[in-house]
Amino acid sequence: MWTGKQMIVWGGEAAYSTSYVVGDLYEPPAYADGAAYNPRTRTWTRLSPAPLSPRYDVASVWDGHAFFVWGGQGGGAAESNTYFADGARYNPTSHRWKRLPPAPLSGRSDATAFWDGSQVVIIGGYGFADLGLVNGATFDPTTNRWRLLPPLPSTAGFYHAPA
């Protein structure tokens with residue numbers, strides 16, 4: 001994620017390795033660490049530990065003041081079907097994380113996140129049994145509150161998940 005001054009990366013899953021194959025399943029571990037890269041100084045700085053469990057395929061965006069991370073999927077055999085519905089914001093100036101309040105959305109991976117200038121918008125993603133989800137919500141960092149979006153039109157192959 002680009003902040004205007006640095007690139008921030010967080011989480012992810014291990015690269016493919018046959019050691020992560022269990023039967024017919026690929027079960028790589030997920031990560032809960034991150035770093036910031038400053039291209040001007042060509043240096044990396046580790047992020048402080050996040051209050052989130054290891055995961056990949058998160059929705060993330062720069063919200064003008066902080067790195068916003070929400071959702072994602074767990075990694076490894078024990079958590080490969082875990083879809084998270086929690087998140088946090090990282091302030092690169094204070095080097096601190098702050099947990100987000102509970103979201104009105106079900107857990108999911110691969111959701112789309114964007115900043116509209118005043119709020120973060122989360123749309124779609126994939127949930128349990130890889131069902132495509134077509135609902136969404138907004139998060140206002142000023143009030144620290146979520147708001148469900150109106151239902152999106154149905155699309156073949158996608159599921160209207162309960163809030």
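Throughout, numbering of the chain's residues begins at 1 and tracks the sequence.
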Approximate separation, where rounding is to 0.5 Å, of Ser106 OG and Tyr83 OH: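 Reported to 0.5 Å precision, the distance equals 11.0 Å.
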From CD (Glu13) to CD (Gln73), nearest 0.5 Å: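 Those atoms lie 8.0 Å apart.
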Would you check if [X] and [Y] make a side-chain contact, meaning some heavy-atom pair closer than 4.5 Å?
X      : Y      : answer
Met1   : Val69  : no
Ser48  : Trp97  : yes
Tyr90  : Ser60  : no
Ile122 : Leu105 : yes

Leu47/Asp33 under side chain to side chain contact (heavy atoms under 4.5 Å, CB included): CA gap, chis, key distance, verdict: CA-CA 7 Å; Leu47 302 186; Asp33 59 350; over 6 Å; no
For [X], which residues count as a side chain to side chain contact (heavy atoms under 4.5 Å, CB included) partner, sequence neighbours excluded?
X      : answer
Thr45  : none
Thr143 : Asp140, Arg145
Thr93  : Asn91
Leu100 : Phe68, Trp70, Arg89, Phe139, Trp146

Criterion side chain to side chain contact (heavy atoms under 4.5 Å, CB included) on Val61 and Val121, from CA distance to verdict: CA-CA 9 Å; Val61 68; Val121 180; over 6 Å; no
CA sep, side-chain torsions, deciding dist, call: Trp10, Phe67, side chain to side chain contact (heavy atoms under 4.5 Å, CB included): CA-CA 10 Å; Trp10 182 86; Phe67 174 58; 3.7 Å; yes
Without placing hydrogens or testing angles, list every side-chain donor-acceptor pair under 3.5 Å for residues 34-44, not counting sequence neighbours.
{"residue": "Asn38", "atom": "OD1", "partner": "Arg40", "partner atom": "N", "Å": "2.8"}
{"residue": "Asn38", "atom": "OD1", "partner": "Thr41", "partner atom": "N", "Å": "3.2"}
{"residue": "Thr41", "atom": "OG1", "partner": "Thr43", "partner atom": "OG1", "Å": "2.7"}

Under the salt bridge (Lys or Arg N to Asp or Glu O under 4.0 Å) test, residues paired with Asp86 that sit two or more places apart: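 Only Arg55, Arg99 meet the salt bridge (Lys or Arg N to Asp or Glu O under 4.0 Å) criterion with Asp86.
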